Amino acid sequence: TIYYDNVVLREVVRGVLASEDWNRRWVEDSAPAVRVVPPLVKVFPTDRCLSSQGSVSLAAARNEREAFQVIVAPSERDARQVKLRATDLAGPDGARLDASNIDLPVVGYVETTTRPPYDTPHMGWWPDPILDFLGPLDVAAGDLQSFWIRVHAPQGQAPGLYRGTLSVSAEGVGPVTFPLTVRVRSF
């Protein structure tokens with residue numbers, strides 16, 4: 001639960017789903033599973049089997065940013081040099097939402113070692129800082145690593161529906177690609 005001046009703002013949400021729903025292509029290759037989760041879900045490094053959206057659809061006003069998370073979860077071996085890549089998004093009448101408007105930073109973790117004065121469901125590593133200075137990174141087998149994806153619709157972006165893809169790759173494993181759709185509002 002998130003508190004500010006002793007007021008509850010948001011409960012911490014954890015997703016759980018049976019393991020057979022993990023990304024089959026990567027699991028069969030003993031490579032990391034990839035999940036997509038909403039931005040308000042707290043993803044702890046030792047969570048298991050998070051539920052996932054099959055694709056990503058966002059809506060943003062011009063000059064607004066919207067976010068979601070991509071989770072990488074190696075099962076049997078470490079994932080080396082994990083990286084994400086977004087394509088340009090194609091929109092109406094040839095308009096494009098340039099991939100440079102899509103940030104793909106790593107979520108860092110802060111270790112809590114002292115129990116706070118309020119009730120908390122978790123002690124240990126908490127997801128918190130956005131580490132936009134990190135490049136490809138290694139993820140240990142058995143851990144989860146979250147990436148915080150932010151899509152910016154620039155002030156002058158033409159309104160409409162934009163479509164592209166986001167891919168996740170690791171050393172020695174082909175990319176997992178899924179659709180990314182952004183509706184840019186006219187306000």
Side-chain angles (χ1 to χ4, degrees), residues 1-4 7-17 21-26 32-45 47 49-73 82-109 126-137 144-169 175-187:
T1 304
I2 299 171
Y3 292 87
Y4 180 76
V7 176
V8 177
L9 299 177
R10 176 77 173 118
E11 290 203 28
V12 173
V13 178
R14 284 182 156 174
V16 178
L17 192 66
D21 190 55
W22 287 93
N23 182 295
R24 297 220 182 273
R25 177 173 166 217
W26 279 32
V34 175
R35 300 306 243 181
V36 177
V37 298
L40 292 179
V41 174
K42 289 285 190 186
V43 179
F44 297 91
D47 278 347
C49 302
L50 289 171
S51 60
S52 179
Q53 302 167 188
S55 61
V56 179
S57 294
L58 302 174
R62 290 188 259 187
N63 203 32
E64 183 179 31
R65 288 173 173 79
E66 289 294 332
F68 62 96
Q69 296 177 83
V70 171
I71 312 304
V72 175
V82 175
K83 59 185 169 187
L84 279 66
R85 181 182 170 280
T87 64
D88 290 344
L89 281 66
D93 301 322
R96 295 200 107 28
L97 181 58
D98 194 84
S100 65
N101 291 301
I102 304 171
D103 298 326
L104 310 165
V106 173
V107 175
Y109 297 91
W126 274 86
D128 187 52
I130 304 297
L131 306 176
D132 55 5
F133 55 87
L134 288 180
L137 77 153
L144 299 184
Q145 178 60 58
S146 180
F147 293 81
W148 187 262
I149 314 307
R150 279 183 303 239
V151 179
H152 176 231
Q155 180 67 40
Q157 190 70 44
L161 191 62
Y162 291 80
R163 292 183 170 95
T165 60
L166 185 71
S167 62
V168 181
S169 61
V176 170
T177 301
F178 51 91
L180 172 59
T181 304
V182 178
R183 177 170 298 282
V184 176
R185 304 286 185 189
S186 61
F187 50 91

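Please read these numbers as outputs of a predicted model, since none were measured by experiment.
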Item to check | Validation row: W148, P39 side chains within 4.5 angstrom (heavy atoms) | outcome: yes
Item to check | Euclidean distance, S57 OG relative to E66 CD, rounded to 0.5 Å | outcome: 12.0 Å
Next on the checklist: I'd like to check I102 versus R150 (side-chain heavy atoms, cut-off strictly below 4.5 Å). Are they in contact?
Outcome noted: no
Checklist entry - Counting only N and O atoms by type, is there a donor-acceptor contact under 3.5 Å from the side chain of Q145 to the main-chain atoms of V107? => result yes
Checklist entry - Where the side chain of T177 meets the backbone of S167, is there a donor-acceptor pair that is under 3.5 Å apart? => result no
Checklist entry - L137 versus V106: any side-chain heavy-atom pair under 4.5 Å? => result yes
Item to check | Beyond-backbone contact of L104 with L166, side-chain heavy atoms, under 4.5 angstrom | outcome: yes
Next on the checklist: Measuring from atom CZ of F147 to atom CG of L131, what distance do you get when rounded to the nearest 0.5 angstrom?
Outcome noted: 10.5 Å
Checklist outcome for this item: Rounded to the nearest 0.5 Å, the CG atom of L58 sits from the OH atom of Y162 at a distance of 14.0 Å
Item to check | Nearest-0.5 Å distance that lies between atom CD in Q157 and atom CZ in R62 | outcome: 9.0 Å
Could you pull out all donor-acceptor pairs under 3.5 Å where a side-chain atom in residues 178-187 meets a protein atom, sequence neighbours excluded?
none

Next on the checklist: Please identify which of these residues, V168, V41, I71, meets the side-chain contact (heavy atoms from CB on, under 4.5 Å) condition with R35.
Outcome noted: I71
Next on the checklist: Would you say that D128 contacts Y109 through its side chain, given a criterion of any heavy-atom pair below 4.5 Å between the two side chains?
Outcome noted: no
Would you tabulate the side-chain donor-acceptor contacts of residues 92-99 under 3.5 Å, counting partners in other chains and residues two or more places apart, or write 'none'?
| residue | atom | partner | partner atom | Å |
| --- | --- | --- | --- | --- |
| D98 | OD2 | S100 | N | 2.8 |
| D98 | OD2 | S100 | OG | 2.6 |

Checklist entry - Would you call Q69 and V37 a side-chain contact if the rule is heavy atoms closer than 4.5 Å? => result yes
Item to check | Minimum heavy-atom distance between V43 and P127, given as atom pair plus value | outcome: O-CG, 3.4 Å
Checklist entry - Does some side-chain heavy atom of F44 sit less than 4.5 Å from a side-chain heavy atom of L144? => result no
Checklist entry - Can you list the steps and then say if H152 with N63 is a side chain to side chain contact (heavy atoms under 4.5 Å, CB included)? => result CA-CA 7 Å; H152 176 231; N63 203 32; 3.4 Å; yes
Item to check | Beyond-backbone contact of I149 with L84, side-chain heavy atoms, under 4.5 angstrom | outcome: yes
